[in-house]
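Note sheet for the following structure.
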Amino acid sequence: MLVVMQATASPADVQRVCDAISEMGYQPLPMPGAQLTTVGLIGNDRRVDGSHIEALPGVAEIIYVSSPYKQVSREWRPANTLVTIAPGVTFGGSDVPVIAGPCSVESEQQIIEAAHTVRAAGAVALRGGAFKPRSSPYSFQGMGKEGLELLRRAKAETGLAIVTEAMDDEGAQLVAEYADCIQIGARNMQNYSLLKTVGKLRTPVMLKRGMAATVQELLLSAEYILAEGNDQVILCERGVRTWDPSSRNMFDLNAIPAVKKASHLPMIADPSHGTGVRDRVGPMARAAVAAGADGLLIEVHPDPNRALSDGAQSLFPQQFTELMGELVPIAAAIGRRITTPGAR
Ligand code: PEP
Ligand code: MN
């Protein structure tokens, strides 16, 4: 439930509403805005009768949020939330930042070379997993902390922001020391303990859609993070399970406008995992920008044929450079701009 205050409401009026919500056993969340203040009532508000709050001085109206997710919804916050992961790298505004890099951090040479390559092509953030959630326990599991150290070195050399995955609660604390944005992977979208942990941190989070999750389940998972106090959440479409063996996953382009209508959070697209097939990454990246994606996540490897994970969907450096050039006029056609790296 949201209590909308009148523009003329005094701080004492707002406080009175907060006190009334606390007395009802719920947590008040005052949100001062440019024109007026709203006060959220946090908790399962299905049976709350707000009539006596509506009668308090300074109250304009009460809005009952109809969706099962509350703080994530556009009803709760009509304006887009901007998520800034590093200076000049903001998701949710008119800019479209591109995050690129290999699936996994594999060696110092590999990640440093990848960082220089993607930066030269126009990416503003470097991705690369140090902790890898692999379908097989016998596949490469990532370099762990050493991989995080290498990402830090790549950042120092190139200035790129770092996006990397945390797989569990202890890992999240560690990853937060190195990352500008913590990735929660598809396999962990419904790991509620991990979602609560990153909700308590103050590092931005990129939450990927589970491989068989509905859009509503994605938004409810994001609600876990916001409910703990972290509203710096970027959502990511990365394809869903398909019966069709012609692609690894089915990239759900339609989730982009669906999420953006339902939520104020930025929604980016990962056409690499979304297709799993290198030649389809470019077309789906272009389509995602045209569909209104607030950013892209693209796997690029200096030598995809030797990649320790996801080589088949990783772009060759030259392909990525060409793609970045193609994205510029597509973004411009809908009044947006592919974020350019700052001078360095
Ligand atoms: C990844 O980004 O490399 C990854 C493992 O992604 P997902 O969780 O979407 O499979
Ligand atoms: Mn990958």
Side-chain angles (χ1 to χ4, degrees), residues 80-103 114-128 154-155 157-164 180-181 183 204 206 208 232-239 251-253 255-257 259-260 264-275 278-302 313-344:
N80 285 355
T81 286
L82 302 181
V83 179
T84 298
I85 66 167
V89 186
T90 297
F91 296 83
S94 61
D95 261 29
V96 181
V98 177
I99 306 163
C103 181
H116 283 292
T117 300
V118 300
R119 188 183 186 281
V124 286
L126 175 68
R127 61 147 292 137
K155 177 178 178 169
E157 279 207 20
T158 60
L160 291 169
I162 299 298
V163 180
T164 191
D180 296 296
C181 179
Q183 173 172 321
M206 191 242 292
K208 299 185 92 174
Q232 295 292 284
V233 177
I234 301 163
L235 302 169
C236 180
E237 163 59 34
R238 51 78 72 204
F251 183 59
D252 185 5
L253 200 55
I256 297 166
V259 164
K260 287 176 62 78
H264 52 84
L265 295 174
M267 174 67 159
I268 70 167
D270 168 2
S272 302
H273 296 86
T275 62
R278 182 179 302 125
D279 291 349
R280 295 184 206 153
V281 173
M284 288 304 102
R286 300 192 300 255
V289 170
D294 294 307
L296 292 174
L297 181 79
I298 311 250
E299 287 190 337
V300 182
H301 194 288
Q313 67 196 32
S314 298
L315 297 188
F316 285 89
Q318 183 56 29
Q319 286 179 305
F320 180 62
T321 304
E322 282 166 22
L323 173 61
M324 289 298 286
E326 291 164 0
L327 296 175
V328 172
I330 296 173
I334 54 164
R336 303 189 76 175
R337 191 183 74 116
I338 302 296
T339 311
T340 47
R344 231 185 109 80

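Counting begins at 1 with the first residue of the sequence.
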Exercise for review: Specify the closest pair of heavy atoms between A285 and I298, including all atoms of both residues, with the distance to one decimal.
Suggested key: CB-CD1, 3.9 Å

Check your understanding: Heavy atoms, side chains only, cut-off 4.5 Å: are V98 and I338 in contact?
Key -> yes

Point to revise | Considering all heavy atoms, the nearest I256-M267 contact | key: CA-CG, 4.1 Å

Study note, to complete from the structure: Of all heavy-atom pairs linking T339 and G88, the shortest is CG2-O, 3.4 Å

Review point. For A290, does its backbone N or O pair with a side-chain atom of R336 as donor and acceptor, under 3.5 Å?
Key: no

Check your understanding: Under the 3.5 angstrom rule, does the side chain of T275 hit a backbone N or O of R280 as a donor-acceptor pair?
Key -> no

Review point. Any donor and acceptor pair, going by atom type alone, linking the side chain of R238 with main-chain N or O of A269 inside 3.5 Å?
Key: no

Review point. Does T164 reach the main-chain N or O of G128 with its side chain, forming a donor-acceptor pair under 3.5 Å?
Key: yes

Review point. Taking C-beta and beyond as the side chain, do Q319 and D279 meet within less than 4.5 Å on heavy atoms?
Key: yes

Study note, to complete from the structure: Taken to the nearest 0.5 Å, the spacing of L315 CG from E322 CD works out to 10.0 Å

Check your understanding: So, R278 side chain and S314 main chain: donor-acceptor pair closer than 3.5 Å or not?
Key -> yes

Study note, to complete from the structure: In this structure, CG of L323 is separated from CD of Q318 (nearest 0.5 Å) by 11.5 Å

Check your understanding: Where do P204 and V83 come nearest, in terms of heavy atoms and distance?
Key -> CB-CG1, 3.9 Å

Review point. Which heavy atom in K155 sits nearest to a heavy atom in L160, and how many Å separate them?
Key: CG-O, 3.1 Å

Point to revise | Polar side-chain atom of R337 near backbone of V96 as donor-acceptor pair, under 3.5 Å | key: no

Check your understanding: Would you say E237's side chain and G239's backbone share a donor-acceptor pair under 3.5 angstrom?
Key -> yes

Exercise for review: Applying side chain to side chain contact (heavy atoms under 4.5 Å, CB included), name anything that partners A123, two or more places apart in sequence or on another chain.
Suggested key: A100, V118, F320

Review point. Where is the tightest heavy-atom contact between A161 and I85, given as atom of each residue plus distance?
Key: CB-CD1, 3.9 Å

Check your understanding: Is a side-chain donor or acceptor of D180 paired with a backbone partner of I162 at a separation under 3.5 angstrom?
Key -> yes

Point to revise | Beyond-backbone contact of L235 with L265, side-chain heavy atoms, under 4.5 angstrom | key: yes

